[in-house]
Amino acid sequence: VQLQASGGGLVQPGGSLTLSCAGSGRRFENYATGWFRQPPGKEREFVAAIRWSAGLINYAASVKDRFTISRDNAKNTVSLQMNRLKPEDSAVYFCASGSTPLVTREVTYDAWGRGTQVTVSS
């Protein structure tokens, strides 16, 4: 199983960015796919997840109403649309895939992609 996260970059506060996670060796629709982020000097934290064929979705409180997670089953990708970005959203963002319903916990995920840097700054 391989995951590849992309789409990071530098954006001004209030701006938008879309991250994408492409997977191979596993169909995302049969698993939970999560986004986590690690701000500088801090621990990695849960951001959002989408799971199973029903597409059940969870968000961290800090991003709810600003971020949208979605999945394209045909392309086997999961995207994270990030709007109204704040400096505190700056972090390395990781996508991960796993098979338990505890989607906010890192232990759920057995496959991780390399991170993509998101910097929100003027």
Side-chain angles (χ1 to χ4, degrees):
V1 180
Q2 290 191 326
L3 281 69
Q4 175 100 33
S6 61
L10 173 65
V11 62
Q12 292 187 343
S16 298
L17 209 57
T18 300
L19 305 183
S20 181
C21 179
S24 60
R26 176 178 290 179
R27 298 295 306 172
F28 281 159
E29 62 193 296
N30 297 325
Y31 291 83
T33 307
W35 284 97
F36 286 75
R37 65 186 182 186
Q38 187 166 19
K42 297 184 179 180
E43 294 185 353
R44 192 156 55 185
E45 62 184 18
F46 170 76
V47 176
I50 185 168
R51 66 187 191 276
W52 318 148
S53 58
L56 302 176
I57 289 174
N58 296 81
Y59 293 104
S62 60
V63 307
K64 194 173 182 181
D65 298 328
R66 297 189 299 123
F67 290 13
T68 302
I69 189 170
S70 61
R71 187 175 66 208
D72 186 326
N73 292 337
K75 296 181 180 179
N76 204 38
T77 58
V78 171
S79 297
L80 185 68
Q81 172 71 41
M82 306 185 294
N83 298 324
R84 291 183 280 140
L85 283 161
K86 305 175 182 179
E88 51 263 44
D89 294 317
S90 297
V92 178
Y93 283 71
F94 300 87
C95 63
S97 175
S99 57
T100 82
L102 302 175
V103 295
T104 63
R105 300 182 61 187
E106 291 188 43
V107 68
T108 283
Y109 302 93
D110 61 352
W112 290 80
R114 296 179 67 177
T116 185
Q117 176 72 48
V118 172
T119 303
V120 185
S121 174
S122 55

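Nothing here was measured: the structure is a model prediction, and the numbers come from that model.
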Q4 atom CD: more than 12 heavy-atom contacts under 6.0 Å: no
Residue pair P13 / S121: nearest heavy atoms and the distance that separates them: CD-C, 3.6 Å
Trace of the salt bridge (Lys or Arg N to Asp or Glu O under 4.0 Å) decision for R84 with D65: CA-CA 9 Å; R84 291 183 280 140; D65 298 328; over 6 Å; no
Heavy-atom closest contact (I69 atom, V78 atom, distance): CG1-CG1, 3.7 Å
Pair T18, Q81: side-chain N/O donor-acceptor within cut-off below 3.5 Å: yes
Gap separating the CD1 atom of I50 from the CD1 atom of I57, nearest 0.5 angstrom: 4.0 Å
Distance, nearest 0.5 Å, that separates OG of S90 from CG of L10: 8.5 Å
Residue pair V63 / V47: nearest heavy atoms and the distance that separates them: CG2-O, 3.5 Å
More than 12 heavy atoms of other groups within 6.0 Å of E88 CD: yes
Candidate pair M82 and V120, rule side-chain contact (heavy atoms from CB on, under 4.5 Å), full reasoning: CA-CA 11 Å; M82 306 185 294; V120 185; over 6 Å; no
For R37, the option from L80, D89, V92, V118 that meets side-chain contact (heavy atoms from CB on, under 4.5 Å): D89
Disulfide bond (SG atoms under 2.5 Å apart): pairs with one or both residues in residues 1-114, sequence neighbours excluded: C21-C95
Whether over 12 other heavy atoms sit under 6.0 Å from Q117 CD: yes
Interatomic distance, E29 atom CD to D72 atom CG [nearest 0.5 angstrom]: 10.0 Å
Linked, directly or transitively: Y31 and L3 (ILVMFWY side chains, under 4.5 Å): no
Pairwise ring-ring contact (aromatic ring centres under 6.0 Å, His included) hits with a residue in residues 52-107, at least two apart: none
Side-chain donor/acceptor of N76 to backbone N/O of F28, under 3.5 Å: yes
R51 side chain near N58 side chain, heavy-atom distance below 4.5 Å: yes
Test item: R27 side-chain N/O and N73 main-chain N/O as donor-acceptor pair under 3.5 Å: yes
Closest non-hydrogen atom pair, T77 against S20: CB-OG, 4.2 Å
OG-CZ distance between S6 and R114, expressed to the nearest 0.5 angstrom: 13.0 Å
For A111 against V1, the heavy-atom pair lying closest together: CB-CG1, 3.7 Å
Expected list for residues 102-109: side-chain donor-acceptor pairs under 3.5 angstrom, two or more places apart:
residue	atom	partner	partner atom	Å
E106	OE1	R44	NE	3.3
E106	OE1	R44	NH2	3.0
T108	OG1	T100	OG1	2.8
T108	OG1	L102	O	2.4
Y109	OH	V103	O	2.6

